[in-house]
Participant: 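Dumping the structure here so I can ask a few things about it.
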Amino acid sequence: MTEAPNTLTQRLDEKIAQGMSEERELLKALRDLLIKQDFDDQVIDQVAGLTGHLEELFLLVVVGEVKAGKSTFINSLLNAEVCKVGAIPTTDKIHVLKYGDVEKERIIEEFLIEKHLPFEPLRNINIVDTPGTNSIVKRHGEITESFIPRCDLILFTTSVDRPFSQTEREFLGYIVEGWAKKIIFVITKKDIKEPHELVEINDFVTDSVKKFFDFEPQIFMVSAKQARKAKETRDDALYEESGFKALEQFLFEKLSVGEKLQLKLESPINSAMTICDRASESFTARMAHLKDDKRVLENIKGQLEQSESDMSENFGRFILEIDNIILEMEKRGRNWVDDNVKLTNMGMLKSAERFRGRFKEEVIKDYETKIDDTLNKAVDWFMKKYLKVWQDTTQYFSDQAALRPHEGMVGKVGTKFEYNREKIYDLVRADAKDKIKGFDYEDQMRRFMGRAATGINTAIGGSLIGVGAGAAVVALTTAAGFTWIDVTGILAGLTLLGGSMLVLPMQRRKIKAEFSNKITELKAALANVLEEQIKKEAREAVEKIRESFGPFFDYVNRTTGSVEESIRKVKEIRDGFQQLKLKFGMTLAEEKDALAIKDTREHRKLPEPEASMTHETSEPPAETPAEEP
């Protein structure tokens, strides 16, 4: 029989090799997805470790508490002083034991050492010797846990003097609930207890595993001390009593090549499926966060839309005030016409310039100031409202950011995702606050008033560049009454009618009617331009606020789409692993059946050669009589 090769791929048939190729592709797809979605390096390294482990030998990891007898157990298993043993904890590093023609060590990192040893049992198996599960060095636990996803079989050691402790139970929970690995329980130091005590301990461990993890444990009770002595003295009875005979037979004989191969093939698949499940949980948790973010986003959008509407509608009361001022001015103008368009004022009526001068002085009076004051008050209200909306929106955003769950959810969501998300919140919040802090109130007021004056001037056909809104309205109001009305026509009418007393009332009515018509047109035009202007200002103000939260809007929309796609992708990858596991199982089952049939046939053929020879020697005598006649 040829010696078993050192790498798995060399001893796989074509179907298994093809499946391994598919497994590598799935692991690569999973790793790429996790990198794209900013998962923690530890998770990404786990996937990379699974990929690397495909080419390695069967990996056996020995775990247990400090002083549970792990090192002594491994020494007895290999029948050599491989691991240091002492009265105080001596395994301060994790050792990966591999076969090598020459004994040598390679330091992989501070707490991880790879040892090559010329011991036959290591030709087809690698063993990981770990510090205690209750080690005070945090890195010990991290490295030990990093081996669990890619190991093929776990020997979980616990001692008779402290069986199945709290820390052991917690670590077992990490293995069982997290990685679904095959576990063999080894209870050490059986030589220090009486037989009836060993029965009680065995029952206690069995019941505890059933109670907390709901499966029937496979337990071996051993004494490494007895085993070493038995091997040295070649005492078979003591070797059997030590419990090592049964354990070694299981590991190296009963645990068949086919079963080891199945564990080897399924172990990385099971671990990958666990990582897929955790990634799926993470994506689901992310979607829950993004759902909250979307709610915040929609609330901000709704709040800004409502604020835009409120600013536009509430500004109407200032437009009404300006209407009232113009109506008051109209009333005063009509009264002034009644009082001044008289024969006694012929001197003024003969001069359009004098007429307009007195009208402006006695009618317009302080209306320019009144209109400007009202507009200033309106713009002041608008700017305060605008700033308040911005501050309220930023405060709401800050409050929601403070409510974002951190600890307790990070494990499911992923620290990098949480960091990126919080970074967006912090940047947007800080940017909004900076913009509010730098808001130049007076400058914004001046700009608004300038735009309002320009809008009014343009809307009602004026060309008064560089004047205020009130001045523009007043100037155009004066023109409204007396540009289109031929004031000097009054005198001409008087002359033509020979001084008839009916002329002046007719002219007064005409002046007042046309003046009122022009004022009505002016009010409508003014109301329209102010309404349009405020709508534009409100729209632009809200847009500025919305822009300050743009990164948050972009983040939520972009990330939601990405996470939704990742949920679909990780399910697709997991389904691929599930199908591959079934394919491996069917292939191994077919191989097992084929071997069984072959063994059966070979067993049945054993007596056939002898029977055939008897048959051949007995045939001639039977044929001879037939030939004699």
Side-chain angles (χ1 to χ4, degrees), residues 5-9 27 31 35 39-157 167 171 174-175 179 181 186 224 264 267-268 271 275:
N6 284 333
T7 58
L8 182 62
T9 51
L27 286 170
R31 184 173 181 270
I35 291 173
F39 272 72
D40 296 339
D41 293 338
Q42 182 183 4
V43 182
I44 296 169
D45 290 344
Q46 285 174 348
V47 179
L50 294 178
T51 305
H53 183 57
L54 292 177
E55 300 296 334
E56 295 179 357
L57 296 177
F58 191 89
L59 183 63
L60 175 68
V61 175
V62 183
V63 299
E65 275 197 346
V66 171
K67 301 306 293 175
K70 296 184 301 300
S71 298
T72 304
F73 167 78
I74 292 174
N75 289 341
S76 297
L77 190 66
L78 299 177
N79 197 26
E81 292 295 330
V82 175
C83 305
K84 291 189 294 184
V85 178
I88 59 174
T90 54
T91 306
D92 61 345
K93 293 179 174 60
I94 294 174
H95 293 85
V96 181
L97 309 178
K98 296 184 174 183
Y99 179 81
D101 294 329
V102 179
E103 184 172 339
K104 62 180 180 180
E105 285 189 357
R106 182 167 69 95
I107 298 175
I108 298 175
E109 61 171 89
E110 183 181 2
F111 295 108
L112 182 60
I113 295 176
E114 184 177 277
K115 296 181 72 170
H116 292 259
L117 302 162
F119 299 123
E120 286 303 311
L122 292 176
R123 280 191 178 275
N124 294 305
I125 190 171
N126 292 334
I127 299 175
V128 179
D129 178 27
T130 65
T133 55
N134 55 340
S135 170
I136 61 173
V137 181
K138 181 183 178 182
R139 185 61 182 148
H140 284 170
E142 292 174 352
I143 299 174
T144 299
E145 291 180 3
S146 73
F147 274 100
I148 300 302
R150 56 194 178 98
C151 75
D152 303 306
L153 179 65
I154 294 173
L155 289 187
F156 197 96
T157 62
T167 55
F171 192 72
Y174 167 77
I175 299 170
W179 299 104
K181 296 293 180 179
V186 178
K264 177 67 183 175
S267 176
S271 294
I275 294 172

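Residue numbers run from 1 in the order of the sequence given.
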Participant: What I'd like to find out is whether the side chain of Val96 reaches to under 4.5 Å of the side chain of Phe147, using heavy atoms alone.
Facilitator: yes
Participant: Walk me through it: do Phe156 and Ile175 pass the test side chain to side chain contact (heavy atoms under 4.5 Å, CB included)?
Facilitator: CA-CA 10 Å; Phe156 197 96; Ile175 299 170; 4.2 Å; yes
Participant: CD1/Ile44 to CD1/Ile35 distance, rounded to the nearest 0.5 angstrom?
Facilitator: 5.0 Å
Participant: For a side chain to side chain contact (heavy atoms under 4.5 Å, CB included) check, start with the C-alpha distance between Leu57 and Ile125, then their side-chain angles and the critical distance, and finish with the verdict.
Facilitator: CA-CA 5 Å; Leu57 296 177; Ile125 190 171; 5.8 Å; no
Participant: Using 0.5 Å steps for rounding, measure from the NZ atom of Lys104 to the NZ atom of Lys115.
Facilitator: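 Here the interatomic distance stands at 14.0 Å.
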Participant: Can you sort out the partners of Ser271 under side chain to side chain contact (heavy atoms under 4.5 Å, CB included), two or more places apart, ordered by chain and number?
Facilitator: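 In terms of side chain to side chain contact (heavy atoms under 4.5 Å, CB included), with neighbours along the sequence ignored, Ser271 is linked to Leu50, Pro149, Trp179, Lys181.
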Participant: My understanding is that only residues two or more places apart in sequence, or in another chain, count here; which of them pass salt bridge (Lys or Arg N to Asp or Glu O under 4.0 Å) with Lys98?
Facilitator: Glu114
Participant: What residues form a side-chain hydrogen bond (donor to acceptor under 3.5 Å, both in side chains) with Ser76, not counting sequence neighbours?
Facilitator: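 Residues passing side-chain hydrogen bond (donor to acceptor under 3.5 Å, both in side chains) with Ser76: none at all.
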Participant: If only atom types and distance count, is the side chain of Thr130 paired as donor or acceptor with the main-chain N or O of Val62 below 3.5 Å?
Facilitator: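 Pair found, side chain donor or acceptor close to backbone of Val62.
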Participant: Verify side chain to side chain contact (heavy atoms under 4.5 Å, CB included) between Thr51 and Arg31, making sure each step is shown before the conclusion.
Facilitator: CA-CA 10 Å; Thr51 305; Arg31 184 173 181 270; 5.9 Å; no
Participant: Show the nearest heavy-atom pair for residues Arg123 and Tyr99, with the distance to one decimal.
Facilitator: NH2-OH, 2.7 Å
Participant: Within the structure provided, determine whether Arg150 and Pro268 are in side-chain contact (heavy-atom separation under 4.5 Å).
Facilitator: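 They are not in side-chain contact.
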Participant: Closer than 3.5 angstrom, by distance alone: can the side chain of Asn126 be matched with the main-chain N or O of Leu59 as a donor-acceptor pair?
Facilitator: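 Checking the backbone N and O of Leu59 against the side chain of Asn126, no donor-acceptor pair under 3.5 Å is found.
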Participant: Once rounded to the nearest 0.5 Å, what's the spacing between atom SG of Cys151 and atom CD1 of Ile127?
Facilitator: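 Between Cys151 SG and Ile127 CD1, I get 13.0 Å after rounding to 0.5 Å.
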Participant: Return the CG to CG distance between Leu122 and Leu97, rounded to the nearest 0.5 Å.
Facilitator: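 These two atoms lie 6.5 Å from each other.
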